[in-house]
Protein chains: 2
Amino acid sequence: MMFQIDFKSGKPVYLQLADQVRYAAASGALRPGDPLPSIRPLAEELRVNRNTVAKAYAELESQGVIETAPGKGCFLKENNSPFTKQVRQKLLITEIDEAVVMAHHLQVDRDRFLALVNERLDYFERKSGATKRDD
Amino acid sequence: MMFQIDFKSGKPVYLQLADQVRYAAASGALRPGDPLPSIRPLAEELRVNRNTVAKAYAELESQGVIETAPGKGCFLKENNSPFTKQVRQKLLITEIDEAVVMAHHLQVDRDRFLALVNERLDYFERKSGATKRDD
DNA sequence: TCAACTGTCATATAGTCCTATGACAGTAAA
DNA sequence: TTTACTGTCATAGGACTATATGACAGTTGA
């Protein structure tokens, strides 16, 4: 589905979820005014307590990313650009660095690493091509 | 100094430290047989409790990265790749996938992503080359 | 109105992370 | 031996994360 939790990462679940909502907003997967998944169903889907989802949403609301309306639901706010282009690039570089460090640690050389990266890019392109939405 | 902790990251301190030791080993900043900083001084320097440093070291020892000798100190192990080739590749692919997924989220296209990967590879190669020591 | 949904709040429980602190045993050098 | 270092262990407490659960009020549609 739209959100995924890594329970082994050591990173709090509510932060993972909040980050993913921000990414969805940044990437356009969620647009201003769009409803977010309701707390209870999402908690069930992610196999997480409803309080944990509520905490993620509460944080997002306090940061002005979403709007919550008791009785109605949660919606993406109009003017949400929590990430500038620079910040987004920094986020990506952090992820890339972790992979590069792991490659060093595992003594995988540059060519083999780049081959793996291309392989995974192919894999995800095939995958997302299959799930492309009609908007 | 050699290690740095980000107290705002949400990631446990002992995991951050363990990762940095692994990186130091991978990059050559620490070589097999080298002594690691002693627990108490390092804890003081990082402004962290000594138990937290001890926990990081204990994890590294259980993973075969370092060796601890009560009364003497902690030292980088000779052959620190406790993982089989398959397991290592799987670990690496997991890291790569996280970066690829992030790139998708942030709408960074393939060419730009590969350019960033190469840039970071260059960066780390320069860095590990520059930290070569005179012993 | 009634039922089913929405978010919200309060309480209790458990686990982890981190701190603080004292104590112990092994090592090494004066 | 004494002193100062090393890693290790045990205990206690605070903060945070997450769980489980019950209850409440607002919204919506039958």
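The figures here come from the full heavy-atom set of this structure, side chains too, leaving out hydrogens, waters and symmetry mates. We name chains A, B, ... by the order of the sequence lines, and we start the count at 1 in each one.
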Legend entry - Under-4.0 Å side-chain N/O to phosphate OP1/OP2 contact, B/Thr68 with D/dG7: no
Inset, instruction - Taking A/Gln16 for its side chain and A/Lys11 for its backbone only, find out whether a donor-acceptor pair lies under 3.5 Å. - result: yes
Legend entry - Verify same cluster id: A/Leu36, A/Val53 (apolar side-chain graph, 4.5 Å): yes
Inset, instruction - Could you check if a side-chain atom of B/Ile96 sits within less than 4.5 angstrom of a side-chain atom of A/Met102, using non-hydrogen atoms only? - result: no
Inset, instruction - Could you pull out the closest heavy-atom pair between A/Phe75 and A/Gly33, with the gap in Å? - result: CD2-O, 3.6 Å
Under 3.5 Å, which donor-acceptor pairs link side chains of residues 61-68 of chain A to any protein atom two or more places apart or in another chain?
residue : atom : partner : partner atom : Å
A/Glu61 : OE1  : A/Thr68 : OG1          : 3.3
A/Glu61 : OE2  : A/Thr68 : OG1          : 3.0
A/Ser62 : OG   : A/Glu59 : O            : 2.8
A/Gln63 : OE1  : A/Arg22 : NH1          : 2.4

Legend entry - Within-4.5 Å side-chain heavy-atom neighbours: A/Val48 and A/Leu17: no
Inset, instruction - Calculate the interatomic distance between B/Leu36 atom CG and D/dT6 atom C1'; express it in whole Å. - result: 13 Å
Inset, instruction - Give the rounded distance in Å between these two atoms: CG of A/Leu60 and P of C/dT8. - result: 12 Å
Every protein N/O lying under 3.5 Å from an N/O of nucleotides 27-30 of chain D:
residue : atom : partner : partner atom : Å
D/dT27  : O4'  : A/Gly71 : O            : 3.4

Inset, instruction - Report yes or no: is the cationic atom of A/Arg120 (NZ for Lys, CZ for Arg) closer than 6.0 Å to the six-membered ring centre of A/Tyr123, at no more than 45° off its axis? - result: yes
Legend entry - Sugar-phosphate or base contact per nucleotide [nucleotides 11-20 of chain D; S, B, -; heavy atom under 4.0 Å]: ------SSBB
Inset, instruction - For B/Glu44 and C/dT21, give me the distance from atom CD to atom C1', rounded to whole Å. - result: 15 Å
Legend entry - Minimum heavy-atom distance B/Pro37-B/Phe3, with the two atoms named: CG-CE1, 3.8 Å
Inset, instruction - Starting at atom CZ of A/Phe75, determine the distance to atom C1' of D/dG26, rounded to an integer number of angstrom. - result: 13 Å
Inset, instruction - Check if the side chain of B/Arg40 and the base of C/dT21 share a donor-acceptor pair of N or O atoms closer than 3.5 Å. - result: no
